[in-house]
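Every chain is numbered from 1 and lettered A, B, ... according to where its sequence line falls, protein lines coming before strand lines.
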There are 2 protein chains.
Amino acid sequence: MRLLLIEDEKELADALTAALSKQGIVIDHTMRLADAHELTRQNIYDVILLDRRLPDGEGLTFIPKLRRAGVATPIIVLTALNEPMERIEGLDGGADDYLGKPFLIAELLARLRAVLRRPANIVQPCIAVGRIVIDPLHLSVTIGATPFDLPRRELLVLVALAKRKDKTILRSTLEAAVYNYEEEIQSNALDAHISRLRKRLADASAGVAVHNIRGVGYLLREE
Amino acid sequence: MRLLLIEDEKELADALTAALSKQGIVIDHTMRLADAHELTRQNIYDVILLDRRLPDGEGLTFIPKLRRAGVATPIIVLTALNEPMERIEGLDGGADDYLGKPFLIAELLARLRAVLRRPANIVQPCIAVGRIVIDPLHLSVTIGATPFDLPRRELLVLVALAKRKDKTILRSTLEAAVYNYEEEIQSNALDAHISRLRKRLADASAGVAVHNIRGVGYLLREE
DNA sequence: CTCCCAAGGTTGCGGCAGCATTGCGATCTA
DNA sequence: TAGATCGCAATGCTGCCGCAACCTTGGGAG
């Protein structure tokens with residue numbers, strides 16, 4: 001793990017460097033915001049420790065600059081300015097945590113771990129078929145960049161087919177995906193939905209088609 | 001935004017509920033870990049506030065249980081146990097932040113914002129749709145440069161929709177975002193809010209519209 | 001090749017669930 | 001106390017969906 005320490009008190013910086021190094025953390029140390037700006041250009045840090053009162057300015061001003069540059073690295077502010085209002089200022093200024101001096105190294109380490117533990121963004125599994133993208137979690141369908149609205153039952157059919165594209169879905173499986181036990185159907189309602197879904201897909205040039213396997217079921221395929 | 005408060009001091013809980021409600025936050029309150037476990041099953045909370053000394057156990061033991069259940073909701077520990085070692089214990093126990101009692105509501109709010117800010121939307125903490133800009137952390141809406149005031153419930157609806165613009169939000173999800181368990185509704189109150197929100201958006205030429213997907217839910221879209 | 005039948009496709013219709021709107025009274029706030 | 005907000009409910013409307021009638025297609029038998 002690599003950490004950027006922006007701190008002008010030499011003694012504290014040395015103590016931190018020593019302590020954190022023992023934890024296997026790689027530390028870059030600078031005393032000036034100008035240098036820090038340069039150092040963060042490559043976005044190699046896992047976390048940044050930031051003092052407020054620095055020779056070339058207020059540390060907090062560094063945060064929005066960093067964020068505007070698209071750097072999402074977590075920032076913990078370390079400072080003697082530890083009044084409640086100052087803490088609020090720091091946190092609302094974009095810091096991820098705020099620790100008043102003096103502090104125990106052990107608490108800093110705990111806060112480092114807490115900040116780094118944040119869950120990575122869970123990537124939503126989307127299904128792409130032809131020109132359409134289906135997000136089964138959000139029940140949304142987009143075609144190119146524009147949303148593609150569907151009635152509920154047709155949406156359910158499409159999602160069921162898309163989840164296993166190019167594979168045949170038994171007619172009975174499809175029915176189970178669209179209807180629950182209380183609303184058993186006694187007609188060709190499913191066929192009707194398929195028909196209307198086909199029309200919509202064709203009108204939108206979706207690049208996919210619903211095929212029928214006679215006597216077995218249906219499948220979704222690019223075309 | 002919906003928050004779970006696990007706290008057995010009735011006075012503090014009431015004060016927090018009152019203060020946070022004014023910020024537009026929907027709160028569920030419980031005094032017992034057992035209830036909390038049940039309440040978190042549906043994963044509808046944006047953040048959890050957790051006391052340590054609770055009638056049925058140490059609050060910290062709740063965290064690993066939650067994480068094992070796959071719930072990644074940020075947790076802020078609120079407690080009188082505020083020695084450095086206790087803070088370390090809390091943070092290493094899985095808390096995302098740790099705030100000792102007594103504290104200023106304002107600082108709690110700032111820490112809430114800090115925790116909620118990461119990691120997903122660091123680059124874009126504000127949501128722009130049409131002519132309006134929504135800050136889900138501060139629950140503020142501006143249209144052009146002028147603030148766009150909304151009643152609390154309509155604001156909650158708008159924010160919930162805006163957080164996932166162009167995605168369908170289930171009706172049940174919307175209800176969960178706007179109402180807590182004590183204020184379950186038995187009418188079409190949600191529809192009424194949507195209707196009034198629509199009117200306001202139209203009057204202000206906001207450039208966005210709330211669409212309905214019949215039988216599924218609603219979505220926010222530029223127009 | 002033709003015929004036949006069953007499986008699938010299409011389409012109009014009517015019922016009704018779900019949605020939109022609005023007024024009213026209660027509650028809360030300034 | 002005046003005004004804003006909110007839950008509630010009555011009303012009207014929209015369009016989905018099940019249904020069924022009718023059409024098309026595929027493949028096997030003669």
Side-chain angles (χ1 to χ4, degrees), chain A residues 139 141 148-161 168-203 209-221, chain B residues 14 17-27 139 141 147-158 161 168-175 177-203 209-221:
Chain A
L139 291 175
V141 183
F148 185 50
D149 291 341
L150 283 174
R152 186 169 59 104
R153 299 243 121 117
E154 292 173 37
L155 179 65
L156 290 169
V157 170
L158 179 60
V159 170
L161 290 170
T168 306
I169 316 290
L170 295 183
R171 189 187 184 83
S172 58
T173 308
L174 262 188
E175 282 174 359
V178 177
Y179 298 97
N180 66 27
Y181 294 113
E182 282 112 46
E183 50 192 12
E184 289 292 328
I185 50 172
Q186 305 154 353
S187 72
N188 63 346
L190 181 62
D191 305 58
H193 289 306
I194 299 252
S195 171
R196 295 191 168 111
L197 177 59
R198 275 177 174 146
K199 179 154 172 43
R200 270 187 239 268
L201 290 173
D203 288 353
V210 180
H211 286 253
N212 169 260
I213 308 297
R214 208 177 170 81
V216 184
Y218 294 86
L219 66 82
L220 193 71
R221 187 184 294 159
Chain B
D14 288 346
T17 302
L20 296 177
S21 295
K22 274 190 194 149
Q23 306 293 321
I25 300 173
V26 177
I27 295 163
L139 289 175
V141 183
F148 183 51
D149 289 337
L150 282 173
R152 189 171 65 99
R153 299 242 118 119
E154 292 173 37
L155 179 63
L156 289 169
V157 170
L158 179 61
L161 290 170
T168 306
I169 315 291
L170 295 185
R171 191 188 185 81
S172 57
T173 307
L174 262 186
E175 281 173 359
V178 176
Y179 298 98
N180 70 25
Y181 287 117
E182 276 117 46
E183 51 195 14
E184 289 287 330
I185 50 172
Q186 305 154 349
S187 72
N188 62 349
L190 181 62
D191 305 57
H193 289 305
I194 299 244
S195 175
R196 297 194 167 108
L197 177 59
R198 275 179 175 144
K199 181 154 173 41
R200 270 186 240 269
L201 290 173
D203 288 353
V210 180
H211 281 251
N212 168 260
I213 308 296
R214 195 166 253 260
V216 184
Y218 293 86
L219 64 84
L220 193 71
R221 185 182 294 165

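Residues A/Arg171 and B/Tyr218 each lie close to DNA chain C; by heavy-atom proximity, the contact nearer the 5' end of the strand is made by A/Arg171. Where A/Val178 and B/Leu150 meet DNA chain D, the nucleotide closest to each residue was compared, and B/Leu150 sits on the side nearer the 5' end. Checking A/His211 against B/Val210, the closest nucleotide of DNA chain C that is more toward the 5' end is the one next to A/His211.
Here the closest non-hydrogen pair linking B/Glu175 and B/Leu190 is CG-CD2, 3.7 Å. Shown here for A/Leu150 and A/Arg200, the closest heavy-atom pair between the two residues is CD2-CD, 3.5 Å.
Protein atom CG of A/Asp149 is 14 Å distant from nucleotide atom P of C/dC19, rounded to whole Å. Per the geometry, CD1 belonging to A/Ile194 stands 15 Å off P belonging to C/dT11, to the nearest Å. As a whole-Å value, the separation of A/Leu156 CG from D/dG18 P is 11 Å. Distance CG (A/Leu190) to C1' (C/dG8): 11 Å, rounded to an integer number of Å. Note: CZ (B/Arg214) to P (D/dC16) measures 7 Å, nearest angstrom. Taking atom CG of residue B/Asn212 and atom C1' of nucleotide C/dT21, one finds them 14 Å apart after rounding to whole Å. Going from atom CG of B/Leu197 over to atom P of C/dA20 covers 12 Å, rounded to whole Å. Rounded to a whole Å, the CD1 atom of B/Ile213 is 12 Å from the P atom of D/dC17.
When atom types are taken as modelled, the side chain of B/Arg153 and the backbone of B/Val178 share a donor-acceptor pair closer than 3.5 angstrom. When atom types are taken as modelled, the side chain of B/Asn180 and the backbone of B/Ile27 share a donor-acceptor pair closer than 3.5 angstrom.
Among the heavy atoms of the strands lying under 4.0 Å from A/Asp191 is at least one base atom, whether or not backbone atoms are also near.
Between A/Ile194 and A/Leu174, the closest side-chain pair of non-hydrogen atoms falls below 4.5 Å. Taking 4.5 Å as the limit, some side-chain heavy atom of B/Leu170 sits within range of a side-chain heavy atom of B/Val216.
With C/dG8, C/dT10, D/dG15 as the candidates, the nucleotide lying closest to the side chain of A/Ser195 is C/dT10.
We find that A/Asp191 and A/Arg171 are joined by a salt bridge, their nearest charged nitrogen and carboxylate oxygen being less than 4.0 Å apart.
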| Could you write nucleotides 6-11 of chain D as a row of B, S and -, 5' to 3', where a protein heavy atom under 4.0 Å of any base atom gives B, of only sugar-phosphate atoms gives S, and otherwise -? | SBBBB-
